[in-house]
Amino acid sequence: MPSETATSIAGTLHDWFADAARPLPWRAADVSPWAVLVSEFMLQQTQVARVLPRWEAWITRWPTPARLAAEPPSEAVRAWDRLGYPRRALWLHRAAAEIVERHGGEVPHDLEALLALQGVGPYTARAVAAFAFGLRHPVVDTNTRRVIARAVAGQAEAAPPSVARDLAAMGAMLPADAGEARVFNAATMELGATVCTARTPRCDECPISSQCAWRAAGYPAYTGARKAVQARFEGSDRQVRGLVMRELRAAHRPVSRAELERTWPDTAQLDRAIAGLLADGLAVSDGDDAFGLPQS
DNA sequence: AAACCGTGGGT
DNA sequence: TACCCAAGGTT
């Protein structure tokens, strides 16, 4: 049972969302659950602007899980292009196969079944259940966590993530009606993404500024635990993996280790990257010192 | 459970 | 310019 404060915030956000929501294509009424699932995979740690063109191309080419599962994983990895974290492309391909095998080609509604799909975790499972099927589940992403931290807890930043705590916090605020709950989930994320942003929040444009505990407290600085800082990307193994994957995507034939050395001369680091990609199934050896994308 | 996993937008 | 950080998931 949501508190009066939560009910009040939900009502305000509902009205705000009605005209402030960006017209994102995966929010259209006629998109399939599969198209929603694809969008959620792509949006993991990746901004909307970068996802839009890849999503359009993907669902045009593969409008159903079966159509994707019928092609080799290499095609999924190529279509993923430079979205980043290419394991997601592999996982989405695998999830499509699982949907065909276990669910007759239809994206399952059930939370447990969704969570069992490769690459689907607590966020993605609830996002699909809520946004594609209208089921009443709390959906918590990084935006939601920041909005709750500020508006409800009065803190500048969210504490390090805790699935159980974060879901409980959002669950306690969730409207009882499933339709209202879906809007509340989406509106809270939207507010965090466009107004209550991490770096420079636009509090003067915020629809719930009068109800915001952080604002009421005078915008105190964050004093809690900080999340770990991301390692430097330049010169990292991640960068090398990315460069190797770019070569493998572009070459529609095996690429020799000698060729890869031209993109990254540090052979120890290159070998580490290749070994990692082989272990992840993003690359396969041709048995003769050359590498390609997985064909099956 | 802390660390790892890409790429680029925003400031 | 550098640096932060982004609709997370897996091991």
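The sequence lines fix the lettering, A, B, ..., with proteins before strands; numbering per chain opens at 1. Computed from heavy atoms alone, side chains included, the values below leave out hydrogens, waters and symmetry copies.
We find that CH2 of A:Trp80 is positioned 18 Å from P of B:dC5, with the value rounded to whole Å. Atom pair A:Leu83:CG and C:dA7:C1' shows a separation of 13 Å (rounding to whole Å applied). Per the geometry, CD belonging to A:Gln239 stands 14 Å off C1' belonging to B:dC5, to the nearest Å. Across the protein-nucleic acid pair, A:Trp26 atom CH2 and C:dA7 atom P stand 11 Å apart, rounded to whole Å. Nucleotide B:dG6 holds its C1' atom 15 Å from the CE atom of A:Met42, rounded to whole Å. The interatomic distance linking A:Phe131 (CZ) with C:dA7 (C1') rounds to 8 Å, in whole Å. B:dT7 atom C1' lies 12 Å from atom CD of A:Gln45, rounded to whole Å. With rounding to whole Å, A:Glu247 atom CD is found 16 Å from B:dG6 atom P.
Taking only side-chain atoms of A:Arg22, from C-beta outward, the nucleotide of C:dG9, B:dG6, C:dA7 with the closest atom is C:dA7. In the set C:dA7, C:dC5, C:dG9, C:dA7 carries the atom at the smallest distance from any side-chain atom of A:Met189. Taking every side-chain heavy atom of A:Thr200 into account, B:dT11 is the closest of B:dT7, C:dG9, B:dT11. Comparing C:dC5, B:dG8, B:dG6 against the side chain of A:Gln47 picks out B:dG8 as the nearest. When the nucleotides C:dG8, C:dA7, B:dC5 are ranked by their closest atom to the side chain of A:Asp237, B:dC5 comes out on top.
Nearest-nucleotide positions on DNA chain C place A:Leu24 closer to the 5' end than the other of A:Leu24 and A:Gln118. Remark on DNA chain B: of its neighbouring residues A:Gly242 and A:Ala231, the 5'-side contact belongs to A:Ala231, judged by nearest-heavy-atom nucleotide. When each of A:Arg232 and A:Asp141 is assigned the nucleotide of DNA chain C bearing its nearest heavy atom, the one mapping closer to the 5' terminus is A:Arg232.
When the side-chain nitrogen and oxygen atoms of A:Arg50 are compared with OP1 and OP2 of C:dA6, none of them lie within a distance under 4.0 Å. When the side-chain nitrogen and oxygen atoms of A:Thr46 are compared with OP1 and OP2 of B:dT7, none of them lie within a distance under 4.0 Å. Taking side-chain N and O atoms only, A:Thr142 has a distance below 4.0 Å to OP1 or OP2 of C:dA6. At B:dT11, one or more side-chain N or O atoms of A:Arg202 fall inside 4.0 Å of OP1 or OP2 (strictly under the cut-off).
Within a 6.0 Å radius of CZ in A:Arg61, other residues, nucleotides and ligands contribute more than 12 heavy atoms. For A:Arg232, the CZ atom is loosely surrounded, since the number of other residues' heavy atoms within 6.0 Å does not exceed 12. Heavy-atom neighbours of A:Glu261 CD from other residues, nucleotides or ligands within 6.0 Å: above the threshold of 12.
Counting any heavy atom pair closer than 4.0 Å across all strands shown, A:Arg146 reaches sugar-phosphate atoms only and no base atom. Residue contacts for A:Thr124: at a heavy-atom cut-off of 4.0 Å it reaches the sugar-phosphate backbone alone, with no base atom in range. Nucleic acid contact for A:Ala49: none, since no nucleic acid atom lies under 4.0 Å from a heavy atom of the residue. Among the heavy atoms of the strands lying under 4.0 Å from A:Arg87 is at least one base atom, whether or not backbone atoms are also near. Backbone-only contact: A:Pro86 has heavy atoms under 4.0 Å from sugar-phosphate atoms and none from a base. Within 4.0 Å (heavy atoms only), A:Val120 reaches sugar-phosphate atoms of the nucleic acid but no base atom. Note on A:Gly84: a base of the nucleic acid sits closer than 4.0 angstrom, heavy atoms only. Within 4.0 Å (heavy atoms only), A:Leu277 reaches no atom of the nucleic acid at all.
B:dA3 and C:dA7 have their P atoms separated by 24 Å, given to the nearest Å. Using atom P as the reference point in both C:dG9 and B:dG8, the two lie 22 Å apart (nearest Å).
Using the six-membered ring where Trp is involved, A:Trp214 and A:Tyr219 have ring planes that are perpendicular, over 60° apart on the 30 and 60° scheme.
Tested against A:Trp80 for a ring pair (Phe, Tyr, Trp, His ring centres under 6.0 Å), the candidates A:Trp58, A:Phe41, A:Tyr85 yield a single pass: A:Trp58.
The base of B:dA3 does not come close enough to the side chain of A:Gln230 for any donor and acceptor atom to sit less than 3.5 Å apart. The base of B:dG6 has none of its N or O atoms less than 3.5 Å from a complementary donor or acceptor on the side chain of A:Arg241.
Note on A:Arg78 versus A:Glu71: no salt bridge recorded, every NZ/NE/NH1/NH2 to OD/OE distance being 4.0 Å or above.
A:Val255 is not listed as a side-chain neighbour of A:Val244, based on a closest heavy-atom distance of 4.5 Å or more.
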